[in-house]
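One structure is given here, and the rest of the page talks about it.
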Amino acid sequence: MTINAHTHGASTTEAGLHHSERRPAATPGAGHASSGLGGNAVAHIVQEHCPDLLAAAGVVIEHLDAQAGTWQFSADEGQTWRAIRTDLINRPGNMGLALDRDARLRVLPFGGHRVTGARVAFHTVQRSHGQGSGSYRAYASEDRDGGSRTVTLVLSLAAINGAPPAVHVPRPRNKRAMVQRAAAAAAASAAGSGLSGAMVMA
């Protein structure tokens, strides 16, 4: 028996489901631990959108929405990024990407392609992958350690990449007011020049 969570958070239990799917609302502030395209840590994504899961040492990514863009991960807090082989993990055969909880995940949308949500499927693990973090490995479809089940999330880009940094946009100036001030300054300058000439003639 698994949990099937719907868009608005209402959940129902249904027998016979092979995995649980969660569609959380868009969370523009979900990336408070990062900014721009710095990605979010695996632990943050799990804790933010799967609060009922046990604290995990890492995950095995089973599926990523290849239509959303180019997926990347970082094992050094965003200093360097490596492309994820979605062609390996999305095809049949139970091949996944092992990532420890501190690894970061992000997706770079294709140019001209509007993305409203991206599907991510994974299951958690209770032991660190160690040196194997960032490697592709086979995983069991059933009887996993700790009874871990596959969870499918449909996440907004902000929930994956982090909220973009605030950008200060200067307030547009009133062109008409600028022209009027320039004209007034020119008139005042001309008047001052005329007064000076009259004084010289006197």
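Values in this document were obtained by computation on a predicted structure and should not be read as measured data.
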query = Val151 versus Thr124: any side-chain heavy-atom pair under 4.5 Å?
reply = no
request  = Hey, could you give me the CG/OG1 distance between Leu64 and Thr70, rounded to the nearest 0.5 Å?
outcome  = 11.5 Å
inquiry  = I'd like to check the ring-ring contact (aromatic ring centres under 6.0 Å, His included) partners of His63; sequence neighbours left out, ordered by chain and number.
reply    = none
Those residues that, when tested against Arg85, pass salt bridge (Lys or Arg N to Asp or Glu O under 4.0 Å) (two or more places apart) = Asp87
task = Tell me, yes or no, whether the heavy-atom count around Arg82 atom CZ, taken from other residues, nucleotides or ligands under 6.0 Å, exceeds 12.
result = no
By salt bridge (Lys or Arg N to Asp or Glu O under 4.0 Å) - contacts of Asp76 (at least two apart) = none
note = Output for pair (Asn161 CG, Leu155 CG), nearest 0.5 Å, gives 10.5 Å
query = Which pair of non-hydrogen atoms, one from Ser148 and one from His123, has the smallest distance, and what is that distance?
reply = OG-CB, 3.4 Å
task = Go through the structure and list residues passing ring-ring contact (aromatic ring centres under 6.0 Å, His included) with Phe73, not counting sequence neighbours.
result = none
message = Quick check against the 3.5 Å criterion: does Ser74 have a side-chain atom that pairs as donor or acceptor with the backbone of Thr80?
response = yes
task = Tell me, please, which residues at least two apart from Ser135 pass side chain to side chain donor-acceptor pair (under 3.5 Å).
result = none
For the student: nearest non-hydrogen atoms of Leu153 and His49, plus distance = CD1-CB, 3.9 Å
key: Contact summary for Gly162 and Asn40, nearest pair of heavy atoms   = N-ND2, 3.7 Å
query = Any link between Ile160 and Trp81 through a network of hydrophobic side chains (Ile, Leu, Val, Met, Phe, Trp, Tyr) touching at under 4.5 Å?
reply = no
note = Sorted by chain and number, sequence neighbours left out, side chain to side chain donor-acceptor pair (under 3.5 Å) with Thr86 holds for none
task = Considering non-hydrogen atoms only, spot the tightest contact between Asp100 and Ser128 and give its length.
result = OD2-OG, 3.0 Å
key: Distance-minimising heavy-atom pair for Gly132 and Arg137   = CA-NH2, 3.5 Å
note = Value for CZ (Arg101) from OG (Ser133), rounded to nearest 0.5 Å, stands at 12.0 Å
ask   = Val59 and side chain to side chain contact (heavy atoms under 4.5 Å, CB included): which partner among Val46, Val125, Leu105, Leu53?
value = Val46
ask   = Hey, does Phe110 have a side-chain heavy atom less than 4.5 Å from the side chain of Gln67?
value = no
inquiry  = Rounded to the nearest 0.5 Å, what separates atom CH2 in Trp71 from atom CG in Leu97?
reply    = 11.5 Å
message = Strictly distance-based, threshold 3.5 Å: is any side-chain N or O of Arg119 a donor or acceptor partner for the main-chain N or O of Thr152?
response = no
inquiry  = Counting C-beta onward and ignoring hydrogens, is there a side-chain heavy-atom pair between Tyr136 and Ile84 closer than 4.5 Å?
reply    = yes
key: Expected output: side-chain Asp102 to main-chain Glu77 donor-acceptor under 3.5 Å   = no
request  = Please name the pair of heavy atoms, one in Ser141 and one in Asn94, separated by the smallest distance, quoted to 0.1 Å.
outcome  = CB-ND2, 3.5 Å
ask   = Quick one: does Phe122's side chain get under 4.5 Å of Cys50's, heavy atoms only?
value = yes
query = Given the rule that I, L, V, M, F, W and Y join up when any side-chain heavy atoms are under 4.5 Å apart, are Leu88 and Val120 in one cluster?
reply = yes
